[in-house]
Structures are given as structure tokens and as C-alpha cells.
There are 2 protein chains.
Amino acid sequence: MAREAKNPVKTTRRSLDIVETLREMDGARLTELADRLDLPNSTVHNHLSTLMEADYVLKDDDVYRVSLRFLDLGEYARNRRKIYELAKPEIEELAAETGEVANLLVEENDWGVYLWSSKGENAVPLDIHPGKHVHLHATSLGKCILAHLSDKRVEAVIERRGLPAQTDSTITDADALADELDAVREQGYAIDDEERLPGMRCIGTAVKSESGNVIGAISVSGPTSAMPMDRLTDTLAEKLLGAANVIELKVAYS
Amino acid sequence: MAREAKNPVKTTRRSLDIVETLREMDGARLTELADRLDLPNSTVHNHLSTLMEADYVLKDDDVYRVSLRFLDLGEYARNRRKIYELAKPEIEELAAETGEVANLLVEENDWGVYLWSSKGENAVPLDIHPGKHVHLHATSLGKCILAHLSDKRVEAVIERRGLPAQTDSTITDADALADELDAVREQGYAIDDEERLPGMRCIGTAVKSESGNVIGAISVSGPTSAMPMDRLTDTLAEKLLGAANVIELKVAYS
DNA sequence: TTCAGCATTTCGAAATCTCGAACGGCGACT
DNA sequence: AGTCGCCGTTCGAGATTTCGAAATGCTGAA
């Protein structure tokens, strides 16, 4: 299942590497970039000119940057997900009511991808932003999604993306994960107790389509200090399940 | 200035073509796509496998699609613009107060790119969405931006992107455009009277940084019937200039 | 004016992509 | 069941392209 390209187009991969490195470096000059990638600057230059011509990269003075062309395609990909527009108001409400950060995540290519995130009044700064990719096993959201996929799919996800530790508490064992998923199915929600980020707790629940497939998951996250276990399993779980239910109805009847 | 790549990396361009076509077709099977591009399916297949491996494309059943990886890069590019987060609340307020559609646009690579758009109560469906690229000469927003660029830059934009007609009313002559830009500078706002879309009117104004450079433009758009000229030059112009002023202050002091 | 640093261009060798053809899986129709 | 046809995938030889060292050109500093 580890979908590897048999006849890979290496040039394309190199171009993509250049774009990704540009992003990591938050913009860079030609030589910096070529040094970092350990490529001759002529090669990098050729790729960059091509990417510029196609509008995927731009040049501020002598600094190359990732362009907004990606936003065009990215927004298109986001809006193809019916759940996005329908869940947004509920996420906003969750954030407002709880004061914390509320999120919407979907699965794609065996990754978890945030589609939306909203900050409540007491929200602490987090590294979550739309488009962010995360491992499914290390968040409450991801665990909710895994809990509603077939065993085969879960295996495939583990195979392709692994179970890397993000913190000391991350579940890194396939059997332990299977047990956790059982618990999630029973409870109806998942908790992430500092499994992705130290000091952060999170409660999530799955959102299913009419036909019973998971189409995403929603959550509320906050600092451990503001999220005692009884608050999670009490008020937050209830609010969350209610919101998920509203979203499911909207998805079914629209 | 017509930046053309001297040693273009054609393979990369082909990959990008494939992604863009995939988007145009809203997902496609291998053969459909290969037919449309007039390429052997093995070539298309190689590109698609590579793009899939890198996560920029995904496969639903047998249908290839643009993936959310683009959202990650796109949101990054959007958030690099300071004006984005700062202007968003003002755009929301404009939309709420006017009931129409309010927008934020920036210039990039000689295109106008929408960063945000908000629908008010009476808003009609439009083709505007974040990431959308438009010609600068055919919108009120674009004209505001051009009005605050140097003559040289304006020439460069015309040279690179042309002045194609979008409707019967589009300004397609460089001299006429120069006159219009003079008027915009004098008035402090620009009007688009069905110049981009038939039946749509729009009023926009520039947002400038402390140092006096344009960093974007904001606007309100609606159907011609709901946007009589006196409403535009009266209430809407005033609201718009006020909002631009607030944004400029935020940008300067944060 | 010279120099240094960097971006850009050149050009031949070498690696890569392209493309036609063959393979194999799947479902429809007989 | 069997056959046919469609489509996605694999393969390999040939053609094109990319790569990369070095030369050139540009810009700003000394």
C-alpha cells in the first residue's frame, strides 16, 4: 500500500522540493537556497524561473518566495469538502462558547488536515492553521477518524505514515492504538492528553455522513491547566457531540 | 520585463499543467486527462504518481484530484501578508453593514489576488473566492492598486498581462487607463461599472502602508440594480474610506 | 576604478523523461 | 463461464532535457 511511483518524474519532485524549502526558509536568495539544497545554483535558477513564469513563485527584490497561486488551488481543494462550509459556523460557536480553540480536521492521503480553526477569548496561541498536516494517531481528531475507518485502512495508515512519537505520551504502538480506538468508538469522543503537543489537551468527535462514513472530526483544544479532565468529559464532550450532530444534519439535508 | 525563463524546466511545467487541468476538470480519470492534454497516458500516469507520492494529488477510487497540500502552502503565502489578518474584521463589518459582498485584494506577480471576501445579507452569488486571480485593470480594486504604483510598474503590468476585455465596458486602452488612474487618485476611490462582470458594480479604495506604498485594496460589490451611482459615491465611499483608514492605522501600529 | 559577491547564461555530457506497446485486472455482455 | 473491451499500469529503447562547471554580467562597496 506504500504507493511508490514506479517511474518517478524526478524533475517535478525537485521543483517541489525547491518550493517546500522556500517555504521552510520563509523566502530565500538563490545562493542560500542552492547551498541548502546542495545543488548548483544554475539548476535552482532554472527551476525558479520556470516556477516564476507559471506564477507559483515570485521574486521580491532578490528574494524568492512561495506565491498566492497555491491559495487558489488550496481553496479549491478545501471547498470541494462539503463539510467545510457547513461546519464553519459550528466551529465558530464552539470557540465562542468555550473560549478555547475549536478545530475541523479531515483525512486525506492518510494524513489529518486542518480545514478550519477558530480562536475563542481565552485561546492560547497554537501551531494549528488551515492546511496543516498532522499524523492521525497523535490527535483527538485523528483518533476519531481512525476509529471509524476499517481495520484495513487503519493498517494502511500505520504502514504509510508510521506512529512517530510527538511527545512522551503519543501512542506509538499499533495494539495500544487499536485499544484506544475501541474506547473512542464506545465513548463517542476521543481525548488527546498531551499526545501531540506538551501542555495541550484536546477533545474531539467524529462527524459522519448519511451513509455512516466519517467525513471529518471536530475538537476543542486548550492548555492542560484550563482543561481538567472533568471539564473535558462533562461540558465539553456534550457541547462537542451536539455540534457534531448539527453538522451531520446539515450535511444530510443540503 | 516579460520575464521568460531562458532554460525552462519543461517537465515541471508539464506537471503543473496536469494539476491545473485536474482542477479545471474538477477531478478526472487517467484517460480523460491524457486525452484532454493530448499526451500518452503513460506520461500522465508517471506525473500523477509522482505528484501523489509528494501528496499534491490524491486518488479517489480512479479519479485523480488536487489535494489539500496546496492549502498548506497557500495559507502560508496568505498569512505572510500582514494586511490579511488586520483587514479581515473590517471586511466582515463592511459586508455586515452594507449587506453586499466586501473584498480584500492584493497585487502579486502583476495579478490581482483576492485574499478575503465576505458576504452580507443581501449578497448575490459571485465568482469571487480567496486565491482568485484577476486582471488589475478590470476591477475597482485593481485600479486602486495601479493608481498608487509608479508609471513604470503600470507599464510593466500592461506589458505582462495585457488589457483584455472582460465585458463591453472594460478599459482596454492604455491611455484611457492612465486617465482613469488619475481620476482614482483624485477621488480617493475607484468604481468598476460592469467592467469585469456584466451586471456587477463595485467600489474600492487603496490601503497604504506607513511608508505610502499600496499594500492592498478593499471593496464592496453588488448587482447594478442594488448599487445606484449615488449610493456608491455617497454612503459606500464613506464607509469604505473609513474602513481603509482603520486598517492603515492597524498596519502602522502593530 | 577596482573588487567582491551574487545572479544569470552558456553549452556539452549525461541522465532523464517520453512514448508506443504490451500486460493485467475488472466488469459487461453474450 | 467465457469473451470482449476498457482502462490503468509497467517496460524499455530512443530522444530530449536537464544538469553542472565555468564564464559572464550586474550591483554596490571600498
Side-chain angles (χ1 to χ4, degrees), chain A residues 1-22 25-67 109 152 156 160, chain B residues 1-22 25-67 109 150 152-153 156 160:
Chain A
M1 265 292 163
R3 311 215 142 274
E4 265 173 42
K6 284 292 162 91
N7 300 318
V9 183
K10 296 195 183 170
T11 304
T12 296
R13 209 179 309 178
R14 181 157 290 182
S15 282
L16 295 174
D17 278 349
I18 288 176
V19 171
E20 285 165 14
T21 307
L22 222 37
M25 298 175 79
D26 196 27
R29 311 185 58 145
L30 180 64
T31 310
E32 289 177 302
L33 189 57
D35 287 350
R36 166 103 162 224
L37 289 162
D38 198 27
L39 288 171
N41 51 7
S42 63
T43 300
V44 176
H45 182 261
N46 288 342
H47 280 264
L48 287 173
S49 332
T50 303
L51 290 166
M52 268 182 57
E53 198 178 40
D55 240 15
Y56 288 81
V57 159
L58 65 94
K59 200 161 89 167
D60 264 359
D61 239 331
D62 268 330
V63 177
Y64 290 91
R65 298 185 182 284
V66 174
S67 96
N109 262 330
K152 270 211 183 80
R160 268 184 92 189
Chain B
M1 266 294 164
R3 314 212 140 279
E4 266 172 42
K6 284 291 162 94
N7 299 318
V9 182
K10 295 196 183 170
T11 305
T12 296
R13 210 180 308 180
R14 181 158 288 180
S15 281
L16 295 174
D17 277 349
I18 289 175
V19 171
E20 286 166 13
T21 307
L22 222 36
M25 297 175 80
D26 196 27
R29 310 184 57 143
L30 180 63
T31 311
E32 288 177 300
L33 189 57
D35 287 351
R36 167 103 160 223
L37 289 162
D38 199 26
L39 287 171
N41 52 9
S42 57
T43 300
V44 176
H45 182 260
N46 289 343
H47 280 264
L48 287 173
S49 333
T50 304
L51 289 166
M52 267 181 55
E53 198 178 41
D55 239 15
Y56 288 80
V57 159
L58 64 95
K59 200 159 88 166
D60 264 358
D61 238 330
D62 269 328
V63 177
Y64 290 91
R65 298 185 183 283
V66 174
S67 95
N109 262 329
S150 70
K152 268 212 183 79
R153 287 278 291 112
R160 268 185 92 188

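Proteins come first, then strands; the chains are lettered A, B, ... in the order of their sequence lines, and each starts at number 1. Side-chain atoms are counted along with the backbone in the values below, which use heavy atoms only and exclude waters and symmetry mates.
In this structure, A:L48 atom CG and C:dT9 atom P are separated by 13 Å, rounded to whole Å. Atom P of nucleotide C:dT18 and atom CG of B:N41 are separated by 13 Å, given to the nearest angstrom. For B:R36 and D:dC7, the CZ to P distance is 17 Å, given to the nearest whole Å. Here the P atom of nucleotide C:dC17 and the CG atom of B:L51 are 12 Å apart, to the nearest Å. Taking atom CG on A:D61 and atom P on C:dG5, their separation rounds to 20 Å, with Å as the unit. Residue B:N46 contributes atom CG, which lies 20 Å from atom P of C:dA15 at whole-angstrom precision. Atom CG of B:D38 and atom P of C:dG20 are 10 Å apart (whole Å). Between the C1' atom of D:dT18 and the CG atom of A:L39 lies a distance of 12 Å, rounded to the nearest Å.
Phosphate contact (OP1/OP2 of D:dG8, side-chain N/O of B:H45, threshold under 4.0 Å): absent. Neither OP1 nor OP2 of D:dC7 sits under 4.0 Å from any side-chain N or O of B:Y64. Within the structure, a side-chain polar atom (N or O) of B:H47 is placed less than 4.0 Å from OP1 or OP2 of C:dT18. Distances shown here put every side-chain N or O of B:K10 at or beyond 4.0 Å from the OP1 or OP2 atom of D:dA15. Between B:R14 and the phosphate of C:dT18, there is a side-chain N or O to OP1/OP2 separation shorter than 4.0 Å. In this model, the phosphate group of D:dG20 is approached by a side-chain N or O of A:T43 to a distance below 4.0 Å at OP1 or OP2.
In this structure the side chain of B:K59 never reaches within 4.5 angstrom of the side chain of B:L48, judged on heavy atoms.
Judged by distance alone, with hydrogens and angles left aside, A:S42 brings no side-chain donor or acceptor close enough to the base of D:dA22 to form a pair under 3.5 Å.
Taking the nucleotide of DNA chain C with the nearest heavy atom to each of A:T12 and A:D62, the more 5' of the two is matched to A:D62.
Atom CG in A:L16 sits 10.5 Å away from atom CG in B:D55 (nearest 0.5 Å). Atom CD of residue B:E32 and atom CE of residue B:M25 lie 5.0 Å apart, to the nearest 0.5 angstrom.
Among the protein residues, A:T11 comes within range of the sugar-phosphate backbone only, with heavy atoms under 4.0 Å from sugar or phosphate atoms but none that close to a base.
Nearest nucleotide to the A:L30 side chain, out of C:dT8, D:dT9, D:dG8: C:dT8.
Scanning both residues, A:T21 and A:D17, for their nearest heavy atoms gives OG1-O, 2.7 Å. In terms of heavy atoms, A:T50 sits closest to B:V9 at OG1-N, 2.7 Å.
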